[in-house]
J.: 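Got a structure for you, written out below as structure tokens; questions coming shortly.
Nothing fancy with the numbering, it's 1 onward along the sequence.
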Amino acid sequence: MPRQVDHAGRRRLIAEAVCLLADERGLEGVTLRDVAARAQVSMGAVQRCFRTKEEMLVFALGHVGARIGERVRARLNESPAQSARTELGHAAAEVSLLREEHRAEARVWLAFVAQAAVSEALAGTLRANYAQLQEAFTALAAEALGGAGPVASLDAAREARTLLALADGLTAQVLIGHLTPDEAQDVLHAHLAHLWE
């Protein structure tokens, strides 16, 4: 009887190998051969999972985005009695990837963002990720702002976009050493506190 292969599990294993290599070398250093070696699978196994390198990168980016999304959801579920303001702050902090244990993930995320400037496939995946985050942030901001109607909805959507842009900017500034993680957290907290004035 032929051995059953867990294709979904193998794709995730390959995505993890892509992320490890991207963290070490950037996306330009990710080759199919090195991914196969890091994932401890054959080149043929990689090629059966992904027709092209771009397809592999798109999947890996989706994998990273899903991990971040799962962490945001887990953080929000930890304490269901939180206010919308607190939830929005926790979600923004998770998306900012400021903690030391998320530093490698931040490097990988920004490598994908940079590559997306010249890859429509990666850009499309990023737009979808940002749209989901913006929708969640908008709902939390609307609840936190306590308003109803079109003006409150516009304000909540604007604040969600601003917060996502701030989170990405803080990620980059911490990675290059312009801000420390504590300074970035302070910027984020000050921005959030200003929303409720």
Side-chain angles (χ1 to χ4, degrees), residues 5-76 91-99 101-140 157-158 160-176:
V5 175
D6 175 9
H7 289 288
R10 181 167 285 170
R11 286 169 65 91
R12 287 190 301 274
L13 178 70
I14 291 168
E16 285 297 323
V18 168
C19 291
L20 290 170
L21 290 167
D23 179 36
E24 293 168 9
R25 309 175 189 170
L27 287 182
E28 63 280 355
V30 174
T31 67
L32 292 177
R33 184 174 311 285
D34 290 342
V35 168
R38 184 60 63 98
Q40 297 181 336
V41 299
S42 69
M43 280 280 292
V46 174
Q47 291 169 324
R48 281 188 294 279
C49 288
F50 302 102
R51 293 184 310 268
T52 64
K53 179 179 176 180
E54 184 172 61
E55 185 180 308
M56 181 179 67
L57 293 178
V58 166
F59 182 83
L61 173 57
H63 179 70
V64 172
R67 265 197 332 235
I68 294 168
E70 287 168 15
R71 256 200 331 273
V72 169
R73 283 187 292 282
R75 180 89 185 260
L76 297 180
E94 287 296 334
V95 170
S96 297
L97 303 171
L98 299 178
R99 293 201 305 264
E101 64 263 29
H102 299 141
R103 200 60 37 85
E105 196 168 53
R107 286 189 295 270
V108 171
W109 181 258
L110 288 183
F112 276 116
V113 169
Q115 188 66 29
V118 294
S119 167
E120 180 52 36
L122 289 174
T125 301
L126 277 173
R127 284 192 299 271
N129 285 340
Y130 282 126
Q132 289 177 348
L133 285 169
Q134 184 174 321
E135 184 178 315
F137 278 26
T138 299
L140 288 171
R158 185 187 66 237
R161 284 191 301 273
T162 301
L163 199 49
L164 278 173
L166 178 61
D168 266 0
L170 291 174
T171 302
Q173 291 194 18
V174 167
L175 280 182
I176 64 168

J.: Of all the heavy-atom pairs spanning Ala17 and Val35, show the shortest one and how long it is.
T.: CB-O, 3.8 Å

J.: Out of curiosity, Cys19 SG to Arg12 CZ, how far, rounded to the nearest 0.5 Å?
T.: 13.5 Å

J.: Answer whether the closest heavy-atom distance between the side chains of Leu20 and Asp23 falls below 4.5 Å.
T.: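 Heavy-atom side-chain distance check fails, nothing below 4.5 Å.
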
J.: With rounding to the nearest 0.5 angstrom, report the CG to CZ distance, Asn129 to Phe112.
T.: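 Going from CG on Asn129 over to CZ on Phe112, the span is 10.5 Å.
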
J.: From Arg71 CZ over to Arg99 CZ, what is the distance, rounded to the nearest 0.5 angstrom?
T.: 7.0 Å

J.: Return the minimal non-hydrogen interatomic distance between Leu98 and Leu170, and the atom names on each side.
T.: CD2-O, 3.9 Å

J.: Does Glu135, at its CD atom, have more than 12 non-hydrogen atoms belonging to other residues, nucleotides or ligands within less than 6.0 Å?
T.: no

J.: Rounded to the nearest 0.5 Å, how far does CZ of Arg33 lie from CE of Met43?
T.: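 Rounded to the nearest 0.5 Å, the CE-CZ separation comes to 5.0 Å.
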
J.: Mind checking what makes salt bridge (Lys or Arg N to Asp or Glu O under 4.0 Å) contact with Arg73, not counting sequence neighbours?
T.: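 If we apply the salt bridge (Lys or Arg N to Asp or Glu O under 4.0 Å) test to Arg73, skipping adjacent residues, there are no hits.
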
J.: When rounded to the nearest 0.5 angstrom, what is the spacing between CZ in Arg25 and CZ in Arg107?
T.: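 So the CZ of Arg25 and the CZ of Arg107 are separated by 14.5 Å.
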
J.: Restricting to side-chain hydrogen bond (donor to acceptor under 3.5 Å, both in side chains), what partner residues turn up for Thr125, sequence neighbours left out?
T.: none

J.: Hey, does the side chain of Arg75 reach the backbone of Ala91 with a donor-acceptor pair shorter than 3.5 angstrom?
T.: no

J.: Partners of Thr52 by side-chain hydrogen bond (donor to acceptor under 3.5 Å, both in side chains), sequence neighbours excluded?
T.: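 Partners of Thr52 under the side-chain hydrogen bond (donor to acceptor under 3.5 Å, both in side chains) test: none.
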
J.: Taking salt bridge (Lys or Arg N to Asp or Glu O under 4.0 Å) as the definition, give me every residue that meets it alongside Arg51, ordered by chain and number, with sequence neighbours left out.
T.: Glu55

J.: Side chains of Arg10 and Ile14, heavy atoms from C-beta outward: is any pair under 4.5 Å?
T.: yes

J.: Less than 4.5 Å apart, any side-chain heavy atom of Gln115 and any of Leu126?
T.: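 Heavy-atom side-chain distance check fails, nothing below 4.5 Å.
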
J.: Would you say the side-chain atoms of Ser96 pair up with the backbone N or O of Thr171, donor to acceptor, closer than 3.5 Å?
T.: no

J.: According to salt bridge (Lys or Arg N to Asp or Glu O under 4.0 Å), who are the partners of Arg67, at least two apart in sequence or on a separate chain?
T.: Glu16, Glu105

J.: Please list all pairs passing the ring pair (Phe, Tyr, Trp, His ring centres under 6.0 Å) test where one or both residues lie in residues 31-60, with sequence neighbours left out.
T.: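 Counting only pairs at least two positions apart or across chains, the ring pair (Phe, Tyr, Trp, His ring centres under 6.0 Å) contacts touching residues 31-60 are Phe50-Phe59.
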
J.: Are any of the side-chain heavy atoms of Arg11 and Met56 separated by less than 4.5 Å?
T.: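 A side-chain contact is absent here, since even the closest heavy-atom pair is not under 4.5 Å.
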
J.: Any side-chain heavy-atom pair from Val174 and Arg103 closer than 4.5 angstrom?
T.: yes

J.: For a 4.5 angstrom cut-off between non-hydrogen side-chain atoms, does His63 reach Val18?
T.: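 They are not in side-chain contact.
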
J.: Just so I know, are the side chains of Gln40 and Leu13 near enough to count as touching, which here means a heavy-atom distance under 4.5 Å?
T.: no

J.: May I ask you to test the Glu54-Leu57 pair for a side-chain heavy-atom distance under 4.5 Å?
T.: no

